[in-house]
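Hydrogens, waters and symmetry mates play no part in the numbers below; they use all other heavy atoms, side chains included.
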Amino acid sequence: MVLYRKMNMKSAAMLSALFLIILLYPVCLGEEADYYDWKGLKAYDAKNYSDSIAWFDKSIEMDPGYIDARIHKGRAQRALKDYNGSIDTYMAALQVDSLKRDAWSGLIESYSALNNYSQAAEAARSLREIEPARKENWLAEGNMLQMEGDYQEALESYEGATRIDPQYKEALYRKAVSLLALGRPEEAEGILDQILKIDARYKLAINGMGLIHLAQGEYGEASELFENASQVDPAWSQPKCNMAISLIEQQRMDEAMKIYAAI
Amino acid sequence: MRSLSAILPFIFIGAVAGGLCLEALCSSGAAASGFGPSPWQEAARYMDRLGAKLSSAGEHAAALECFNESLEQNSSYADAWVHRAGSEKALKNYNASRASLQKAVEADRRNAAAWSALADALSMEGDYENASAAAAELVRIDAKNKACWLKKGNIEQMRGNFPAAEADYNRAIDIDPKYKDALYRKALCALHDNDTDQALELLDLVLTLDPKYKQASTAKGLALQAQGEYEGAVKSFDKALETDARWTPALAGKMNARWRWEGIERLQTYS
(Lines give C-alpha, C1' and ligand atoms only; values in the text may rest on other atoms or scores of the structure.)
Protein backbone atom coordinates (compact mmCIF):
# COMPACT_ATOMS: atom_id res chain seq x y z
CA MET A 1 0.00 0.00 0.00
CA VAL A 2 2.82 2.34 1.03
CA LEU A 3 4.73 1.30 -2.06
CA TYR A 4 1.67 1.96 -4.24
CA ARG A 5 1.21 5.41 -2.70
CA LYS A 6 4.91 6.15 -3.18
CA MET A 7 4.69 5.10 -6.82
CA ASN A 8 1.58 7.23 -7.34
CA MET A 9 3.31 10.28 -5.91
CA LYS A 10 6.35 9.60 -8.07
CA SER A 11 4.33 9.41 -11.28
CA ALA A 12 2.34 12.49 -10.27
CA ALA A 13 5.59 14.40 -9.84
CA MET A 14 6.89 13.15 -13.18
CA LEU A 15 3.65 14.07 -14.90
CA SER A 16 3.78 17.57 -13.39
CA ALA A 17 7.38 17.98 -14.55
CA LEU A 18 6.46 16.82 -18.05
CA PHE A 19 3.51 19.20 -18.09
CA LEU A 20 5.76 22.07 -17.03
CA ILE A 21 8.31 21.21 -19.72
CA ILE A 22 5.59 21.13 -22.39
CA LEU A 23 4.21 24.42 -21.10
CA LEU A 24 7.55 26.23 -20.82
CA TYR A 25 9.29 24.82 -23.91
CA PRO A 26 7.84 27.30 -26.42
CA VAL A 27 8.42 30.16 -23.97
CA CYS A 28 12.07 29.16 -23.61
CA LEU A 29 12.45 28.83 -27.38
CA GLY A 30 10.87 32.25 -27.87
CA GLU A 31 13.24 33.77 -25.36
CA GLU A 32 16.18 32.09 -27.04
CA ALA A 33 15.05 33.40 -30.44
CA ASP A 34 14.84 36.87 -28.93
CA TYR A 35 18.30 36.49 -27.40
CA TYR A 36 19.89 35.38 -30.69
CA ASP A 37 18.16 38.22 -32.52
CA TRP A 38 19.59 40.64 -29.96
CA LYS A 39 23.08 39.15 -30.47
CA GLY A 40 22.61 39.57 -34.22
CA LEU A 41 21.63 43.20 -33.80
CA LYS A 42 24.74 43.82 -31.72
CA ALA A 43 26.92 42.26 -34.42
CA TYR A 44 25.07 44.33 -37.05
CA ASP A 45 25.72 47.54 -35.11
CA ALA A 46 29.41 46.61 -35.01
CA LYS A 47 29.18 46.16 -38.81
CA ASN A 48 29.94 42.42 -38.53
CA TYR A 49 27.20 41.61 -41.01
CA SER A 50 28.17 37.99 -41.71
CA ASP A 51 28.22 37.23 -37.98
CA SER A 52 24.90 39.00 -37.52
CA ILE A 53 23.31 36.83 -40.23
CA ALA A 54 24.50 33.69 -38.42
CA TRP A 55 22.83 34.93 -35.21
CA PHE A 56 19.61 35.83 -37.03
CA ASP A 57 19.58 32.36 -38.63
CA LYS A 58 19.87 30.80 -35.16
CA SER A 59 17.00 32.96 -34.00
CA ILE A 60 14.85 31.88 -36.97
CA GLU A 61 15.81 28.25 -36.33
CA MET A 62 14.61 28.59 -32.74
CA ASP A 63 11.34 30.24 -33.76
CA PRO A 64 10.48 30.24 -37.48
CA GLY A 65 7.58 32.57 -36.75
CA TYR A 66 9.83 35.25 -35.25
CA ILE A 67 9.48 37.82 -38.05
CA ASP A 68 11.81 40.50 -36.63
CA ALA A 69 14.83 38.22 -37.02
CA ARG A 70 13.93 37.69 -40.69
CA ILE A 71 13.64 41.43 -41.24
CA HIS A 72 16.95 42.07 -39.52
CA LYS A 73 18.56 39.30 -41.57
CA GLY A 74 17.30 40.90 -44.78
CA ARG A 75 18.80 44.22 -43.75
CA ALA A 76 22.18 42.58 -42.98
CA GLN A 77 22.11 40.85 -46.38
CA ARG A 78 21.48 44.22 -48.01
CA ALA A 79 24.46 45.64 -46.13
CA LEU A 80 26.53 42.85 -47.72
CA LYS A 81 24.96 43.69 -51.10
CA ASP A 82 23.36 40.24 -51.26
CA TYR A 83 20.16 41.74 -52.64
CA ASN A 84 18.77 38.49 -54.08
CA GLY A 85 19.30 36.81 -50.71
CA SER A 86 17.55 39.66 -48.94
CA ILE A 87 14.59 39.42 -51.33
CA ASP A 88 14.20 35.72 -50.42
CA THR A 89 14.38 36.62 -46.73
CA TYR A 90 11.75 39.36 -47.00
CA MET A 91 9.50 37.03 -49.02
CA ALA A 92 9.78 34.44 -46.25
CA ALA A 93 8.94 37.15 -43.69
CA LEU A 94 5.84 38.08 -45.68
CA GLN A 95 4.76 34.44 -45.63
CA VAL A 96 4.70 34.75 -41.83
CA ASP A 97 2.93 38.13 -41.88
CA SER A 98 1.85 39.55 -45.22
CA LEU A 99 1.03 42.93 -43.65
CA LYS A 100 4.48 43.58 -42.17
CA ARG A 101 5.53 47.08 -43.30
CA ASP A 102 9.27 46.62 -42.69
CA ALA A 103 9.34 43.54 -44.91
CA TRP A 104 7.68 45.42 -47.78
CA SER A 105 9.99 48.41 -47.29
CA GLY A 106 13.04 46.14 -47.32
CA LEU A 107 11.75 44.47 -50.48
CA ILE A 108 11.41 47.87 -52.20
CA GLU A 109 14.99 48.76 -51.22
CA SER A 110 16.37 45.45 -52.47
CA TYR A 111 14.60 45.54 -55.84
CA SER A 112 15.62 49.16 -56.23
CA ALA A 113 19.27 48.29 -55.51
CA LEU A 114 19.06 45.71 -58.31
CA ASN A 115 17.58 48.41 -60.60
CA ASN A 116 14.48 46.21 -60.85
CA TYR A 117 12.10 49.14 -60.57
CA SER A 118 9.08 47.31 -61.92
CA GLN A 119 9.17 44.80 -59.03
CA ALA A 120 10.05 47.61 -56.63
CA ALA A 121 6.98 49.53 -57.81
CA GLU A 122 4.85 46.41 -57.35
CA ALA A 123 6.09 46.04 -53.77
CA ALA A 124 5.51 49.75 -53.15
CA ARG A 125 1.96 49.43 -54.49
CA SER A 126 1.29 46.51 -52.09
CA LEU A 127 2.59 48.55 -49.17
CA ARG A 128 0.46 51.52 -50.17
CA GLU A 129 -2.62 49.28 -50.39
CA ILE A 130 -1.92 47.97 -46.89
CA GLU A 131 -1.51 51.46 -45.40
CA PRO A 132 -3.21 53.95 -47.72
CA ALA A 133 -3.33 56.68 -45.08
CA ARG A 134 0.48 56.88 -44.88
CA LYS A 135 1.74 59.59 -47.25
CA GLU A 136 5.26 58.08 -47.34
CA ASN A 137 3.86 54.95 -49.01
CA TRP A 138 2.39 57.02 -51.86
CA LEU A 139 5.71 58.82 -52.24
CA ALA A 140 7.67 55.54 -52.33
CA GLU A 141 5.33 54.14 -54.97
CA GLY A 142 5.67 57.29 -57.06
CA ASN A 143 9.45 57.24 -56.79
CA MET A 144 9.69 53.65 -57.99
CA LEU A 145 7.32 54.36 -60.90
CA GLN A 146 9.39 57.41 -61.77
CA MET A 147 12.59 55.35 -61.73
CA GLU A 148 10.86 52.85 -64.00
CA GLY A 149 10.09 55.74 -66.37
CA ASP A 150 6.33 55.63 -65.84
CA TYR A 151 5.93 59.37 -65.18
CA GLN A 152 2.16 59.49 -65.68
CA GLU A 153 1.44 56.81 -63.09
CA ALA A 154 4.04 58.33 -60.77
CA LEU A 155 2.15 61.61 -61.01
CA GLU A 156 -0.98 59.89 -59.71
CA SER A 157 0.92 58.47 -56.75
CA TYR A 158 2.36 61.88 -55.84
CA GLU A 159 -1.14 63.32 -56.04
CA GLY A 160 -2.22 60.60 -53.59
CA ALA A 161 0.51 61.76 -51.20
CA THR A 162 -0.39 65.45 -51.50
CA ARG A 163 -4.07 64.67 -50.93
CA ILE A 164 -3.02 63.47 -47.47
CA ASP A 165 -0.63 66.38 -46.90
CA PRO A 166 -0.91 69.29 -49.36
CA GLN A 167 2.39 70.73 -48.05
CA TYR A 168 4.38 67.52 -48.50
CA LYS A 169 7.51 69.04 -50.11
CA GLU A 170 9.16 65.78 -51.17
CA ALA A 171 6.06 64.61 -53.05
CA LEU A 172 5.49 68.04 -54.59
CA TYR A 173 9.08 68.16 -55.81
CA ARG A 174 8.87 64.68 -57.33
CA LYS A 175 5.59 65.64 -58.96
CA ALA A 176 7.36 68.61 -60.56
CA VAL A 177 10.08 66.27 -61.87
CA SER A 178 7.40 64.01 -63.42
CA LEU A 179 5.73 67.02 -65.02
CA LEU A 180 9.06 68.14 -66.49
CA ALA A 181 9.66 64.66 -67.89
CA LEU A 182 6.17 64.72 -69.40
CA GLY A 183 6.98 67.99 -71.13
CA ARG A 184 4.79 70.20 -68.94
CA PRO A 185 7.39 72.69 -67.65
CA GLU A 186 4.88 75.46 -66.93
CA GLU A 187 3.04 73.24 -64.44
CA ALA A 188 6.36 72.06 -62.98
CA GLU A 189 7.44 75.66 -62.44
CA GLY A 190 4.14 76.39 -60.65
CA ILE A 191 4.69 73.51 -58.26
CA LEU A 192 8.31 74.48 -57.59
CA ASP A 193 7.03 77.98 -56.78
CA GLN A 194 4.53 76.44 -54.40
CA ILE A 195 7.32 74.50 -52.63
CA LEU A 196 9.48 77.60 -52.29
CA LYS A 197 6.58 79.39 -50.62
CA ILE A 198 6.44 76.56 -48.08
CA ASP A 199 10.24 76.45 -47.66
CA ALA A 200 12.38 79.06 -49.38
CA ARG A 201 15.56 77.05 -48.62
CA TYR A 202 14.38 73.77 -50.17
CA LYS A 203 17.50 73.16 -52.27
CA LEU A 204 15.95 70.64 -54.67
CA ALA A 205 13.25 73.12 -55.67
CA ILE A 206 15.77 75.97 -56.09
CA ASN A 207 17.98 73.77 -58.28
CA GLY A 208 14.94 72.48 -60.22
CA MET A 209 13.80 76.03 -60.90
CA GLY A 210 17.31 76.79 -62.17
CA LEU A 211 17.08 73.84 -64.57
CA ILE A 212 13.82 75.16 -66.02
CA HIS A 213 15.45 78.54 -66.67
CA LEU A 214 18.52 76.81 -68.12
CA ALA A 215 16.35 74.81 -70.52
CA GLN A 216 14.77 78.07 -71.71
CA GLY A 217 18.16 79.68 -72.23
CA GLU A 218 17.64 82.13 -69.36
CA TYR A 219 21.21 81.75 -68.17
CA GLY A 220 21.36 84.71 -65.78
CA GLU A 221 18.34 83.54 -63.77
CA ALA A 222 19.53 79.94 -63.92
CA SER A 223 23.01 80.84 -62.59
CA GLU A 224 21.53 82.86 -59.75
CA LEU A 225 19.35 79.94 -58.70
CA PHE A 226 22.22 77.42 -58.89
CA GLU A 227 24.29 79.82 -56.80
CA ASN A 228 21.46 80.02 -54.22
CA ALA A 229 21.18 76.23 -54.09
CA SER A 230 24.95 75.97 -53.54
CA GLN A 231 24.74 78.46 -50.70
CA VAL A 232 22.04 76.37 -48.99
CA ASP A 233 24.27 73.29 -49.22
CA PRO A 234 27.89 74.04 -50.22
CA ALA A 235 28.77 70.32 -50.29
CA TRP A 236 26.05 69.48 -52.82
CA SER A 237 27.63 68.98 -56.23
CA GLN A 238 24.50 69.08 -58.42
CA PRO A 239 24.01 72.86 -58.66
CA LYS A 240 27.74 73.24 -59.32
CA CYS A 241 27.49 70.77 -62.23
CA ASN A 242 24.47 72.65 -63.53
CA MET A 243 26.32 75.94 -63.23
CA ALA A 244 29.20 74.50 -65.27
CA ILE A 245 26.73 73.24 -67.88
CA SER A 246 25.08 76.64 -68.04
CA LEU A 247 28.47 78.29 -68.61
CA ILE A 248 29.35 75.75 -71.33
CA GLU A 249 26.07 76.60 -73.08
CA GLN A 250 27.25 80.21 -73.06
CA GLN A 251 30.68 79.12 -74.40
CA ARG A 252 32.31 80.47 -71.23
CA MET A 253 34.57 77.43 -71.06
CA ASP A 254 37.26 78.87 -68.80
CA GLU A 255 34.75 79.73 -66.06
CA ALA A 256 32.93 76.43 -66.55
CA MET A 257 36.10 74.38 -66.12
CA LYS A 258 37.16 76.32 -63.03
CA ILE A 259 33.94 75.14 -61.39
CA TYR A 260 33.92 71.68 -62.91
CA ALA A 261 37.54 70.80 -62.07
CA ALA A 262 36.90 71.60 -58.41
CA ILE A 263 33.79 69.38 -58.07
CA MET B 1 98.83 34.34 -14.76
CA ARG B 2 99.64 36.89 -12.10
CA SER B 3 100.02 39.64 -14.66
CA LEU B 4 96.62 38.78 -16.26
CA SER B 5 94.79 38.96 -12.94
CA ALA B 6 96.45 42.29 -12.33
CA ILE B 7 95.12 43.87 -15.54
CA LEU B 8 91.57 42.30 -15.42
CA PRO B 9 90.02 45.13 -13.35
CA PHE B 10 91.40 47.64 -15.86
CA ILE B 11 89.86 45.67 -18.77
CA PHE B 12 86.49 45.64 -16.97
CA ILE B 13 86.63 49.37 -16.18
CA GLY B 14 87.59 50.08 -19.81
CA ALA B 15 84.72 48.04 -21.16
CA VAL B 16 82.18 49.78 -18.92
CA ALA B 17 83.54 53.23 -19.81
CA GLY B 18 83.53 52.34 -23.54
CA GLY B 19 79.93 51.17 -23.31
CA LEU B 20 78.86 54.36 -21.58
CA CYS B 21 80.60 56.49 -24.21
CA LEU B 22 78.91 54.50 -26.99
CA GLU B 23 75.52 54.97 -25.37
CA ALA B 24 76.11 58.69 -25.00
CA LEU B 25 77.17 58.94 -28.64
CA CYS B 26 74.13 57.02 -29.82
CA SER B 27 71.67 59.11 -27.82
CA SER B 28 73.27 62.31 -29.06
CA GLY B 29 72.41 61.43 -32.61
CA ALA B 30 75.49 59.53 -33.57
CA ALA B 31 73.35 56.49 -34.29
CA ALA B 32 72.88 57.61 -37.82
CA SER B 33 76.59 57.70 -38.39
CA GLY B 34 76.94 53.99 -37.85
CA PHE B 35 76.58 53.29 -34.16
CA GLY B 36 73.00 51.89 -34.56
CA PRO B 37 69.79 53.24 -33.05
CA SER B 38 69.66 54.30 -29.43
CA PRO B 39 67.19 52.65 -27.05
CA TRP B 40 65.07 55.83 -27.27
CA GLN B 41 64.95 55.63 -31.04
CA GLU B 42 64.12 51.95 -30.84
CA ALA B 43 61.33 52.72 -28.38
CA ALA B 44 60.03 55.50 -30.66
CA ARG B 45 60.01 53.14 -33.64
CA TYR B 46 58.31 50.40 -31.67
CA MET B 47 55.54 52.74 -30.48
CA ASP B 48 55.14 54.12 -34.02
CA ARG B 49 54.76 50.61 -35.43
CA LEU B 50 52.25 49.77 -32.72
CA GLY B 51 50.32 52.95 -33.51
CA ALA B 52 50.33 52.13 -37.23
CA LYS B 53 48.86 48.69 -36.48
CA LEU B 54 46.13 50.19 -34.30
CA SER B 55 45.45 52.82 -36.92
CA SER B 56 44.98 50.26 -39.68
CA ALA B 57 42.56 48.43 -37.37
CA GLY B 58 40.57 51.68 -37.11
CA GLU B 59 41.56 52.28 -33.45
CA HIS B 60 42.60 55.87 -34.06
CA ALA B 61 42.35 57.19 -30.49
CA ALA B 62 44.58 54.39 -29.18
CA ALA B 63 46.91 54.83 -32.16
CA LEU B 64 47.22 58.51 -31.36
CA GLU B 65 48.43 57.68 -27.84
CA CYS B 66 51.10 55.41 -29.31
CA PHE B 67 52.27 58.09 -31.74
CA ASN B 68 52.41 60.62 -28.89
CA GLU B 69 54.48 58.17 -26.87
CA SER B 70 56.75 57.63 -29.87
CA LEU B 71 57.24 61.37 -30.29
CA GLU B 72 57.95 61.77 -26.58
CA GLN B 73 60.87 59.39 -27.07
CA ASN B 74 62.04 61.07 -30.26
CA SER B 75 60.44 64.36 -31.19
CA SER B 76 62.30 64.53 -34.52
CA TYR B 77 60.84 61.27 -35.79
CA ALA B 78 59.11 62.52 -38.96
CA ASP B 79 57.29 59.26 -39.77
CA ALA B 80 55.57 59.28 -36.39
CA TRP B 81 54.42 62.87 -37.03
CA VAL B 82 53.01 61.81 -40.41
CA HIS B 83 51.23 58.82 -38.87
CA ARG B 84 49.97 60.98 -36.02
CA ALA B 85 48.52 63.37 -38.60
CA GLY B 86 46.69 60.46 -40.23
CA SER B 87 45.05 59.49 -36.95
CA GLU B 88 44.13 63.10 -36.17
CA LYS B 89 42.55 63.36 -39.62
CA ALA B 90 40.61 60.13 -39.08
CA LEU B 91 39.32 61.64 -35.82
CA LYS B 92 38.36 64.76 -37.79
CA ASN B 93 40.85 66.95 -35.91
CA TYR B 94 41.95 68.65 -39.11
CA ASN B 95 43.90 71.51 -37.54
CA ALA B 96 45.85 69.13 -35.33
CA SER B 97 46.50 66.93 -38.35
CA ARG B 98 47.91 69.81 -40.35
CA ALA B 99 50.03 70.93 -37.36
CA SER B 100 51.50 67.41 -37.13
CA LEU B 101 52.40 67.51 -40.80
CA GLN B 102 54.11 70.87 -40.33
CA LYS B 103 56.17 69.26 -37.55
CA ALA B 104 56.96 66.33 -39.85
CA VAL B 105 58.39 68.54 -42.60
CA GLU B 106 60.33 70.56 -40.00
CA ALA B 107 61.80 67.32 -38.66
CA ASP B 108 62.73 66.03 -42.10
CA ARG B 109 62.69 68.44 -45.05
CA ARG B 110 63.11 65.53 -47.48
CA ASN B 111 60.21 63.41 -46.30
CA ALA B 112 58.05 63.06 -49.43
CA ALA B 113 55.14 61.42 -47.57
CA ALA B 114 54.98 64.39 -45.21
CA TRP B 115 54.95 66.96 -48.03
CA SER B 116 52.36 64.95 -49.94
CA ALA B 117 50.02 64.70 -46.95
CA LEU B 118 50.59 68.38 -46.13
CA ALA B 119 49.66 69.37 -49.69
CA ASP B 120 46.48 67.29 -49.38
CA ALA B 121 45.58 68.78 -46.00
CA LEU B 122 46.07 72.37 -47.19
CA SER B 123 44.16 71.67 -50.39
CA MET B 124 41.27 70.23 -48.38
CA GLU B 125 41.18 73.44 -46.34
CA GLY B 126 41.03 75.44 -49.58
CA ASP B 127 44.47 76.94 -48.96
CA TYR B 128 45.65 76.26 -52.52
CA GLU B 129 48.47 78.81 -52.32
CA ASN B 130 50.31 76.92 -49.58
CA ALA B 131 49.17 73.57 -50.95
CA SER B 132 50.87 74.47 -54.21
CA ALA B 133 54.08 75.37 -52.33
CA ALA B 134 53.99 72.04 -50.50
CA ALA B 135 53.41 70.19 -53.78
CA ALA B 136 56.37 72.07 -55.30
CA GLU B 137 58.58 70.72 -52.48
CA LEU B 138 57.17 67.27 -53.14
CA VAL B 139 58.09 67.25 -56.84
CA ARG B 140 61.53 68.64 -55.98
CA ILE B 141 62.17 65.64 -53.71
CA ASP B 142 60.51 62.98 -55.87
CA ALA B 143 60.64 64.31 -59.43
CA LYS B 144 60.51 60.86 -61.02
CA ASN B 145 57.17 60.02 -59.41
CA LYS B 146 54.26 60.64 -61.80
CA ALA B 147 51.74 60.72 -58.93
CA CYS B 148 53.57 63.71 -57.40
CA TRP B 149 53.23 65.68 -60.66
CA LEU B 150 49.56 64.73 -60.89
CA LYS B 151 48.99 65.95 -57.33
CA LYS B 152 50.70 69.24 -58.06
CA GLY B 153 48.72 69.63 -61.29
CA ASN B 154 45.44 68.97 -59.51
CA ILE B 155 46.21 71.62 -56.91
CA GLU B 156 47.07 74.12 -59.64
CA GLN B 157 43.81 73.25 -61.41
CA MET B 158 41.81 73.72 -58.20
CA ARG B 159 43.60 77.02 -57.79
CA GLY B 160 42.47 78.05 -61.26
CA ASN B 161 46.00 78.12 -62.64
CA PHE B 162 45.35 75.97 -65.71
CA PRO B 163 48.62 76.68 -67.61
CA ALA B 164 50.69 75.57 -64.58
CA ALA B 165 48.43 72.54 -64.16
CA GLU B 166 48.91 71.56 -67.80
CA ALA B 167 52.71 71.79 -67.45
CA ASP B 168 52.55 69.47 -64.44
CA TYR B 169 50.32 66.98 -66.25
CA ASN B 170 52.77 67.01 -69.15
CA ARG B 171 55.57 66.05 -66.75
CA ALA B 172 53.45 63.17 -65.44
CA ILE B 173 52.62 62.03 -68.99
CA ASP B 174 56.32 62.21 -69.95
CA ILE B 175 57.00 59.66 -67.21
CA ASP B 176 54.03 57.48 -68.22
CA PRO B 177 52.33 58.26 -71.56
CA LYS B 178 49.40 56.00 -70.59
CA TYR B 179 48.76 57.71 -67.27
CA LYS B 180 44.99 58.07 -67.63
CA ASP B 181 44.41 60.35 -64.61
CA ALA B 182 46.89 62.90 -65.96
CA LEU B 183 45.50 62.57 -69.51
CA TYR B 184 41.97 63.18 -68.22
CA ARG B 185 43.03 66.22 -66.21
CA LYS B 186 44.98 67.56 -69.18
CA ALA B 187 41.76 67.26 -71.21
CA LEU B 188 40.05 69.55 -68.68
CA CYS B 189 42.83 72.08 -69.32
CA ALA B 190 42.12 71.83 -73.06
CA LEU B 191 38.42 72.40 -72.39
CA HIS B 192 39.33 75.41 -70.27
CA ASP B 193 41.17 76.79 -73.31
CA ASN B 194 38.09 76.02 -75.46
CA ASP B 195 40.18 73.53 -77.45
CA THR B 196 37.43 70.92 -77.60
CA ASP B 197 39.14 68.94 -80.40
CA GLN B 198 42.27 68.36 -78.30
CA ALA B 199 40.10 67.57 -75.27
CA LEU B 200 38.16 64.96 -77.25
CA GLU B 201 41.41 63.41 -78.53
CA LEU B 202 42.76 63.06 -74.99
CA LEU B 203 39.46 61.77 -73.61
CA ASP B 204 39.19 59.16 -76.38
CA LEU B 205 42.70 58.00 -75.46
CA VAL B 206 41.68 57.68 -71.80
CA LEU B 207 38.57 55.73 -72.79
CA THR B 208 40.65 53.39 -74.96
CA LEU B 209 42.84 52.71 -71.93
CA ASP B 210 39.86 52.35 -69.61
CA PRO B 211 36.35 52.31 -71.12
CA LYS B 212 34.83 52.51 -67.63
CA TYR B 213 36.50 55.80 -66.74
CA LYS B 214 33.27 57.64 -65.94
CA GLN B 215 34.91 61.05 -65.49
CA ALA B 216 36.33 60.86 -69.01
CA SER B 217 32.95 59.85 -70.52
CA THR B 218 31.30 62.76 -68.71
CA ALA B 219 33.94 65.27 -69.82
CA LYS B 220 33.56 63.95 -73.37
CA GLY B 221 29.83 64.66 -73.08
CA LEU B 222 30.60 68.22 -71.97
CA ALA B 223 33.05 68.71 -74.87
CA LEU B 224 30.43 67.51 -77.35
CA GLN B 225 27.84 69.75 -75.69
CA ALA B 226 30.21 72.69 -76.18
CA GLN B 227 30.35 71.77 -79.88
CA GLY B 228 26.54 71.61 -80.00
CA GLU B 229 26.63 67.83 -80.60
CA TYR B 230 23.85 67.03 -78.16
CA GLU B 231 23.06 63.56 -79.49
CA GLY B 232 26.69 62.45 -79.05
CA ALA B 233 26.79 64.17 -75.65
CA VAL B 234 23.77 62.14 -74.45
CA LYS B 235 25.51 58.93 -75.58
CA SER B 236 28.67 59.88 -73.66
CA PHE B 237 26.73 60.72 -70.51
CA ASP B 238 24.90 57.40 -70.87
CA LYS B 239 28.27 55.64 -71.09
CA ALA B 240 29.30 57.23 -67.78
CA LEU B 241 25.97 56.25 -66.25
CA GLU B 242 26.51 52.63 -67.30
CA THR B 243 29.46 52.61 -64.91
CA ASP B 244 27.74 54.60 -62.16
CA ALA B 245 24.00 55.18 -62.47
CA ARG B 246 24.05 57.88 -59.78
CA TRP B 247 27.01 59.92 -61.07
CA THR B 248 25.73 63.48 -60.61
CA PRO B 249 27.77 65.30 -63.32
CA ALA B 250 26.60 62.78 -65.95
CA LEU B 251 22.99 62.93 -64.78
CA ALA B 252 22.99 66.74 -64.89
CA GLY B 253 24.73 66.79 -68.27
CA LYS B 254 22.38 64.21 -69.74
CA MET B 255 19.28 66.07 -68.58
CA ASN B 256 20.44 69.29 -70.22
CA ALA B 257 21.65 67.62 -73.42
CA ARG B 258 18.42 65.63 -73.78
CA TRP B 259 16.32 68.74 -73.38
CA ARG B 260 18.35 70.44 -76.07
CA TRP B 261 18.37 67.44 -78.37
CA GLU B 262 14.87 66.00 -77.93
CA GLY B 263 12.73 68.61 -76.27
CA ILE B 264 13.87 71.90 -77.69
CA GLU B 265 10.69 72.48 -79.72
CA ARG B 266 8.50 71.64 -76.76
CA LEU B 267 10.37 74.09 -74.56
CA GLN B 268 10.33 76.76 -77.26
CA THR B 269 6.52 76.50 -77.39
CA TYR B 270 6.43 77.08 -73.66
CA SER B 271 8.75 80.07 -73.66
Side-chain angles (χ1 to χ4, degrees), chain A residues 46-48 112-117 147 177 179-190 207-208 210-219 221-222 226 229 233-263, chain B residues 58 123 126 128 153-163 165 184-185 187-196 199 215 218-219 221-228 230 233 237 241 245-260 262-271:
Chain A
K47 298 193 170 147
N48 294 329
S112 172
L114 289 169
N115 293 337
N116 186 346
Y117 296 113
M147 293 300 283
V177 172
L179 286 167
L180 270 177
L182 289 167
R184 291 153 65 181
E186 66 277 26
E187 289 173 68
E189 194 174 350
N207 183 60
L211 284 171
I212 291 177
H213 285 288
L214 173 63
Q216 294 170 57
E218 294 165 4
Y219 301 116
E221 290 88 339
F226 296 140
D233 182 358
W236 192 32
S237 63
Q238 207 174 82
K240 292 186 184 108
C241 290
N242 291 332
M243 177 75 96
I245 287 164
S246 169
L247 290 164
I248 290 171
E249 283 298 332
Q250 299 168 68
Q251 295 293 313
R252 289 157 66 183
M253 298 300 286
D254 51 343
E255 292 167 73
M257 283 304 118
K258 273 182 188 164
I259 293 169
Y260 190 77
I263 291 170
Chain B
S123 175
Y128 298 121
N154 289 351
I155 290 166
E156 295 300 346
Q157 210 169 55
M158 301 277 272
R159 206 177 158 201
N161 189 352
F162 281 75
Y184 160 69
R185 285 283 170 176
L188 296 188
C189 291
L191 281 175
H192 172 268
D193 297 339
N194 209 2
D195 188 349
T196 47
Q215 293 89 339
T218 309
L222 295 176
L224 291 167
Q225 180 200 332
Q227 292 184 344
Y230 293 112
F237 293 130
L241 293 169
R246 290 165 202 260
W247 176 239
T248 303
L251 284 169
K254 185 184 170 182
M255 182 186 275
N256 177 65
R258 269 193 69 176
W259 277 1
R260 308 259 160 209
E262 293 174 349
I264 200 102
E265 295 86 13
R266 210 161 48 201
L267 290 162
Q268 271 169 353
T269 313
Y270 163 64
S271 59

Colleague: Looking at CD1 of A:I248 and CG of B:N256, how far apart are the two atoms once the value is rounded to the nearest 0.5 Å?
Modeller: 9.0 Å
Colleague: Apply side-chain hydrogen bond (donor to acceptor under 3.5 Å, both in side chains) to B:T196 and list each qualifying residue two or more places apart in sequence or on a separate chain.
Modeller: B:Q227
Colleague: To the nearest 0.5 Å, what is the distance between CE (A:M257) and CG (B:L222)?
Modeller: 5.5 Å
Colleague: What part of A:E249 lies closer than 4.5 angstrom to a heavy atom of chain B: side chain, backbone, both or neither?
Modeller: both
Colleague: Report which part of A:A256 has an atom under 4.5 Å of a heavy atom belonging to chain B: side chain, backbone, both, or neither.
Modeller: neither
Colleague: When rounded to the nearest 0.5 angstrom, what is the spacing between CD1 in A:I263 and CD in B:Q215?
Modeller: 12.0 Å
Colleague: Is any side-chain heavy atom of A:L180 closer than 4.5 Å to one of B:W259?
Modeller: yes
Colleague: Heavy-atom distance under 4.5 Å between the side chains of B:N194 and A:D254, does that happen here?
Modeller: no
Colleague: By side-chain hydrogen bond (donor to acceptor under 3.5 Å, both in side chains), which residues pair with A:Y117, not counting sequence neighbours?
Modeller: A:N115
Colleague: Counting only heavy atoms closer than 4.5 Å, note whether B:Y128 contacts chain A via side chain, backbone, both or neither.
Modeller: neither
Colleague: Would you say the side chain of B:H192 lies within less than 4.5 Å of the side chain of A:M253, judging by non-hydrogen atoms?
Modeller: no
Colleague: What are the two closest heavy atoms between B:M255 and A:L211, and how far apart are they?
Modeller: SD-CD1, 3.5 Å
Colleague: Donor-acceptor pair, A:Q251 side chain versus B:A226 backbone, under 3.5 Å?
Modeller: yes
Colleague: Minimum heavy-atom separation for A:Y260 to B:A219, with atom names?
Modeller: OH-N, 4.4 Å
Colleague: Determine yes or no for a side-chain-to-main-chain donor-acceptor pair under 3.5 angstrom, with B:R185 supplying the side chain and A:A261 the backbone.
Modeller: yes
Colleague: Once you round to the nearest 0.5 Å, how far does CG of B:N161 lie from NZ of A:K258?
Modeller: 9.0 Å
Colleague: Measuring from atom CG of A:L214 to atom CZ of B:R260, what distance do you get when rounded to the nearest 0.5 angstrom?
Modeller: 5.0 Å
